[in-house]
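Labels below follow one simple rule: chain letters A, B, ... track the order of the sequence lines, proteins then strands, and each chain is numbered from 1.
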There are 2 protein chains.
Amino acid sequence: MAQNDTVTRILDAAEVLFAEQGFAETSLRTITAKAGVNLAAVNYHFGSKKALIQAVFARFLGPFYKLIEVSLDNHEKQYPDSVLSIEDILKFVARAMANVTEGDRNRLAIFMRLLGLAYNQGQGHLRKFLQTEYKTLYRRVMALIARATPELQPVERYWRFHFMLGAAAFTLSSMEHLRAIVEHDFNTKCTEEEVVGYLLPFLAAGIRAK
Amino acid sequence: MAQNDTVTRILDAAEVLFAEQGFAETSLRTITAKAGVNLAAVNYHFGSKKALIQAVFARFLGPFYKLIEVSLDNHEKQYPDSVLSIEDILKFVARAMANVTEGDRNRLAIFMRLLGLAYNQGQGHLRKFLQTEYKTLYRRVMALIARATPELQPVERYWRFHFMLGAAAFTLSSMEHLRAIVEHDFNTKCTEEEVVGYLLPFLAAGIRAK
DNA sequence: GTATGTTTGAAACAGATGTTTGAATTATTA
DNA sequence: TAATAATTCAAACATCTGTTTCAAACATAC
């Protein structure tokens, strides 16, 4: 009980702090202070800071993976041979993402930031962790997109997929900052759902360009 | 002579290392070792690490700023009252970017990675630096985009602008890695120009969605 | 209740970090 | 050339980093 509680509190604190400050900028002392646990607890329960970062990621990755797999399986059972549109595919992904991150507004941002870092940090440990863990899901989604955009050349489709990923990862990971600017410049507040509502049509139109 | 040389060598080394590893992950000792200068030189010439980071940025943004200003001025003189299309605006930006980073293939990626890092790393002193220092250029480009997309609501235009920025920053900053995958999966090599050639139509279609 | 294994706690560890210092070197100028 | 200013350099600075240690507290099973 106490063990599980300590682990959860560390993950919760680390999640928020990583999203606010980044990984290297967040020290274990800051995390354990926020979590209200002893400094040594991180190394005792996770082994290292690196392993903690992966554990924070895994807590998103696992449920997200299962959720989207199940929902795609269900849809294919219910409507076999149906060809999903780009909008449908994006909705599947967005819904799984929303379900995984629901409850805490910041969880979508850190998920996206982790995603971006895994892609960008050249020799980082996160990308390999992600690639091995995500490979089958990536291929499945890519196959769906290919069916939805048969007119595209494979190479251009590949790039457009990553343009989509980039637009999503970049904006959602720094959503707090961007929303603050919106509030200052336009005197309007944007909910997370509204931003996603803006995002999906942009992505769909982009991948269908020309 | 020696002064200027030292300053340049520090900036060159820092530029590459920041892009490879991030800001917090790159130590002054690594930078000065790569630059072949003494450790104290950074604090002597720049004052602090924070100031060095801003100086690295300024070296890109300064020329970029001037180049795009001049080319827009020229165009407006030559074709007064003309309304630029989104494609035209993107071409202006892309050409200025290409000119600023020309000579070194990696500088575009470095520039984009720095931009991405600036947006979602650290406590945001870089974001503020960017916002205050290049506010007029941002406003000018935004005004051009507004004229090209009169049907858009200001808030949605703002978000779509950052979707574009994200798609560009994310993909161009990890271009080496993404290109390697293309080569492996499709047996095709992509030049930098080809990727930009894929990118611009995607962005233009995205911001004009629906 | 005693013994066993698990978890916490305060303290220390070894190393890296940005920064400062003051003397030595180099460049500039009169 | 002599005086002055600018720059380099090795060393030390104080602080922060992730990690380890080992005794104390706790839980669990016999």
Side-chain angles (χ1 to χ4, degrees), chain A residues 1-59 110 114 117 121-126 128-129, chain B residues 1-59 114 117-118 121-126 128-129:
Chain A
M1 287 303 135
Q3 162 203 2
N4 203 333
D5 188 49
T6 299
V7 168
T8 306
R9 292 171 67 155
I10 291 175
L11 286 172
D12 288 342
E15 191 177 287
V16 172
L17 290 169
F18 284 155
E20 281 175 9
Q21 312 178 341
F23 301 115
E25 293 90 342
T26 305
S27 71
L28 293 185
R29 282 169 179 80
T30 313
I31 294 170
T32 51
K34 187 185 180 76
V37 302
N38 190 269
L39 168 63
V42 168
N43 287 281
Y44 177 76
H45 286 288
F46 297 93
S48 68
K49 185 184 182 181
K50 206 182 267 189
L52 170 62
I53 295 175
Q54 292 186 352
V56 169
F57 204 2
R59 201 159 64 141
I110 189 182
L114 283 159
L117 284 177
Q121 210 97 27
Q123 73 285 24
H125 61 286
L126 267 176
K128 272 184 183 157
F129 176 74
Chain B
M1 287 293 145
Q3 163 203 3
N4 203 333
D5 189 48
T6 300
V7 168
T8 305
R9 293 171 68 154
I10 291 175
L11 286 171
D12 288 342
E15 184 178 294
V16 174
L17 290 169
F18 283 155
E20 280 176 8
Q21 311 177 344
F23 299 118
E25 294 89 342
T26 305
S27 71
L28 293 183
R29 283 168 179 81
T30 312
I31 293 170
T32 51
K34 186 184 179 81
V37 304
N38 189 269
L39 168 62
V42 169
N43 287 282
Y44 177 78
H45 287 288
F46 297 93
S48 67
K49 184 182 181 181
K50 206 181 267 189
L52 170 63
I53 295 174
Q54 293 186 351
V56 169
F57 251 98
R59 201 163 61 144
L114 287 170
L117 287 175
Q121 222 186 65
Q123 286 91 322
H125 78 276
L126 267 179
K128 281 198 177 136
F129 173 75

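Applying the 4.0 Å criterion to OP1 and OP2 of D:dT19, one finds that A:N43 has a side-chain N or O inside that range. Within the 4.0 Å cut-off from OP1 or OP2 of D:dA6, not a single side-chain nitrogen or oxygen of B:H45 is found. Dashed line: the shortest gap from a side-chain N or O of A:S27 to OP1 or OP2 of D:dC16 is not under 4.0 Å. Remark: B:T6 is in phosphate contact with D:dT8, judged by side-chain N or O atoms under 4.0 Å from OP1 or OP2.
To the nearest 0.5 Å, atom CG of residue A:L28 and atom CG of residue A:N43 are 6.5 Å apart. With rounding to the nearest 0.5 angstrom, the CZ atom of B:F46 is 4.0 Å from the CG atom of B:L11. Rounding to the nearest 0.5 Å gives a distance of 6.0 Å between CD of A:E25 and CD of B:E25. Interatomic distance, A:F57 CZ to A:E15 CD, rounded to the nearest 0.5 Å: 11.5 Å.
Of all nucleotides listed (D:dT7, C:dT19, C:dT6), C:dT6 comes nearest to the side chain of A:Y44.
Here the closest heavy-atom approach between residue A:L52 and residue A:I10 is recorded as CD1-CG2, 3.8 Å. The two atoms that bring A:V37 and A:A41 nearest to each other are CG2-CB, 4.1 Å, heavy atoms only. Across all their heavy atoms, A:A24 and A:K49 have their closest contact at O-NZ, 4.0 Å. When all heavy atoms are compared, the tightest approach of B:T26 to B:I31 is CG2-CG1, 3.6 Å.
Protein atom CG of A:L28 is 9 Å distant from nucleotide atom C1' of D:dT19, rounded to whole Å. One can place CZ of A:F23 at 14 Å from P of D:dG18, the figure rounded to the nearest angstrom. Residue B:I31 contributes atom CD1, which lies 10 Å from atom P of C:dT17 at whole-angstrom precision. The CZ atom of A:F46 sits 16 Å away from the C1' atom of D:dT19 (whole-angstrom rounding). D:dT8 atom C1' lies 13 Å from atom CG of B:D5, rounded to whole Å. We find that CD1 of A:I53 is positioned 13 Å from C1' of D:dT17, with the value rounded to whole Å.
A heavy-atom distance below 4.0 Å to DNA chain D is reached by none of the residues of residues 10-18 of chain A. A heavy atom lying under 4.0 Å from DNA chain D marks the following residues of residues 32-41 of chain A, by number: A:L39, A:A40.
Taking for each of B:G47 and A:R29 the nucleotide of DNA chain C with the nearest heavy atom, the 5'-most of the two is the partner of A:R29.
In this structure, the side chains of A:V42 and A:R29 stay at 4.5 Å or more apart for every pair of heavy atoms.
No contact: B:T30 has no heavy atom under 4.0 Å from any strand.
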